[in-house]
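A short worksheet on the structure shown next.
Below, chains carry the letters A, B, ... as their sequence lines are ordered, and counting in each starts from 1.
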There are 2 protein chains.
Amino acid sequence: MNDHATPLTRRRLRTWLRILRLTRRAENHLREFLRRECDTTLPRFDVMAALHRAGKPMKMSELSERLLVSNGNATAVVDRLERDGLALRVASESDRRVKHVALSDAGRTRFEALARAHEAEVDKLFANLGHEELDMMRTLIRRMEGQSQ
Amino acid sequence: MNDHATPLTRRRLRTWLRILRLTRRAENHLREFLRRECDTTLPRFDVMAALHRAGKPMKMSELSERLLVSNGNATAVVDRLERDGLALRVASESDRRVKHVALSDAGRTRFEALARAHEAEVDKLFANLGHEELDMMRTLIRRMEGQSQ
DNA sequence: ACTTGAAGTTTCAAGCTTGAAATTATTTCC
DNA sequence: GGAAATAATTTCAAGCTTGAAACTTCAAGT
């Protein structure tokens with residue numbers, strides 16, 4: 001057992017490239033799906049999902065941290081959602097530096113439909129994996145992130 | 001065994017979100033690394049890697065297909081690499097619609113240094129995983145892509 | 001040769017994304 | 001209380017990315 005023909009370093013690189021490819025393919029598929037079927041984009045969906053999940057107004061910085069994007073990026077996407085009436089910005093009362101952002105009623109309604117369609121599409125994408133394989137996948141990811149950051 | 005408390009659909013979604021987060025984190029880390037230590041960007045690195053790997057001039061369309069990006073995107077990145085003297089475009093002799101793109105000598109030299117640094121950084125990122133876990137990861141990815149798509 | 005359709009690439013507008021600088025507000029420390 | 005450091009957000013330029021339209025060239029059938 002324990003075939004070390006390929007050095008560990010090389011195998012880590014190959015694995016990373018495989019993960020990257022998988023993610024790109026899935027993202028491309030979902031982007032296309034959201035565009036064609038739902039007339040929206042992935043970044044907008046991600047922001048709406050984060051806001052919906054939070055259930056209460058979020059600070060701009062919480063949003064960008066949650067989504068792993070820059071502050072400037074969050075500002076730009078929220079600007080567009082706000083322009084389209086899907087999100088609202090409210091200045092915080094306790095700290096006037098802070099802006100709270102939340103889905104509007106229209107945004108919440110819109111997102112709930114989007115979320116159902118998106119979930120169904122993800123279900124198709126991962127149709128080949130069952131419970132055990134999915135759990136194994138998440139276990140490996142958790143281990144990967146173990147202490148390295 | 002076989003705990004189905006969480007429905008399969010929901011578990012597929014959770015797993016996808018975990019993969020997405022892992023990929024984003026790793027990409028952010030590598031982008032930052034390439035910027036700070038190597039004065040370059042991820043898209044440029046990806047294009048150079050594809051050209052280096054091919055070992056011979058590639059059609060623009062082969063490049064964008066390989067990288068899973070649009071043709072317009074490949075054009076833009078190659079434009080910048082060419083401007084910086086790292087890549088070369090040559091019109092095909094047999095088909096005048098086709099442009100072949102390859103690394104210049106400077107580009108090849110530059111990439112070889114970049115690749116070493118990049119590989120070492122990926123090695124750090126995945127330091128927590130050993131041979132078996134990496135193989136398992138790739139097996140799961142292969143199965144995921146099984147017939148869907 | 002001519003038309004029609006398809007293929008390869010670029011161009012373009014719009015949107016996404018980053019990192020740095022600027023702006024405004026708060027906190028801390030004299 | 002005032003200066004200086006810190007924090008939250010926005011602004012901005014540059015680059016990335018897409019999808020559609022335009023352009024050039026090739027292939028096939030007439």
With DNA chain C as reference, determine whether A:Ser70 or A:Glu93 sits nearer its 5' end, using the nearest nucleotide of each.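 Per heavy-atom nearest nucleotide, the more 5' residue is A:Ser70.
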If each of A:Arg96 and B:His100 is mapped to the nucleotide of DNA chain C with the nearest heavy atom, which maps nearer the 5' terminus, i.e. the 5' end?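 Closest to the 5' end, via its nearest nucleotide, is B:His100.
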Any salt bridge linking A:Glu145 with B:Arg21? Criterion: basic side-chain nitrogen under 4.0 Å from a carboxylate oxygen.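 So A:Glu145 does not pair with B:Arg21 through a salt bridge.
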At under 4.0 Å, does any side-chain N or O of [X] touch on OP1 or OP2 of [N]?
| X | N | result |
| --- | --- | --- |
| B:Lys99 | C:dG8 | no |
| B:Arg83 | D:dG15 | yes |
| B:Asn73 | D:dT18 | yes |
| A:Arg35 | D:dA20 | yes |
| A:Lys59 | D:dT9 | no |

Looking at CD of A:Glu65 and CG of A:Asn71, how far apart are the two atoms once the value is rounded to the nearest 0.5 Å?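 These two atoms lie 9.5 Å from each other.
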First of A:Arg24 and A:Glu62 reached from the 5' end of DNA chain D, by closest nucleotide: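 Between the two, 5'-proximity favours A:Glu62.
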Using heavy atoms to find the nearest nucleotide of DNA chain D for B:Asp95 and A:Asp95 separately, return the residue whose nucleotide is more 5′.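 Its nearest nucleotide being more 5', the pick is A:Asp95.
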Distance-minimising heavy-atom pair for B:Arg12 and A:Leu129: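 Result for this residue pair: NH2-O, 3.0 Å.
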Single hit among B:Asn28, B:Thr23, B:Leu20 for side-chain contact (heavy atoms from CB on, under 4.5 Å) with A:Leu68: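 Of the listed residues B:Asn28, B:Thr23, B:Leu20, the side-chain contact (heavy atoms from CB on, under 4.5 Å) partner of A:Leu68 is B:Asn28.
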If we check side-chain contact (heavy atoms from CB on, under 4.5 Å) with B:Ser104, which of these qualifies: B:Leu88, B:Leu51, B:Leu81?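 When B:Leu88, B:Leu51, B:Leu81 are each tested with B:Ser104, the side-chain contact (heavy atoms from CB on, under 4.5 Å) holds only for B:Leu88.
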Select base, sugar-phosphate, or nothing to describe what [X] touches, counting heavy atoms under 4.0 Å on all strands.
| X | result |
| --- | --- |
| B:Arg89 | sugar-phosphate |
| B:Thr75 | base |
| B:Glu65 | nothing |

Between [options], which one does the side chain of [X] approach most closely?
| X | options | answer |
| --- | --- | --- |
| B:Met60 | C:dT9, C:dT26, D:dT25 | C:dT9 |
| B:Arg97 | C:dA25, D:dT10, D:dT24 | D:dT24 |
| A:Arg31 | C:dT10, C:dA7, D:dG19 | D:dG19 |
| B:Pro43 | C:dT18, D:dT17, D:dT18 | D:dT17 |
| A:Arg44 | C:dG8, C:dA25, C:dG15 | C:dG15 |

In whole angstrom, give the distance that lies between atom CZ of A:Phe33 and atom P of D:dG19.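 My rounded result for the distance is 15 Å.
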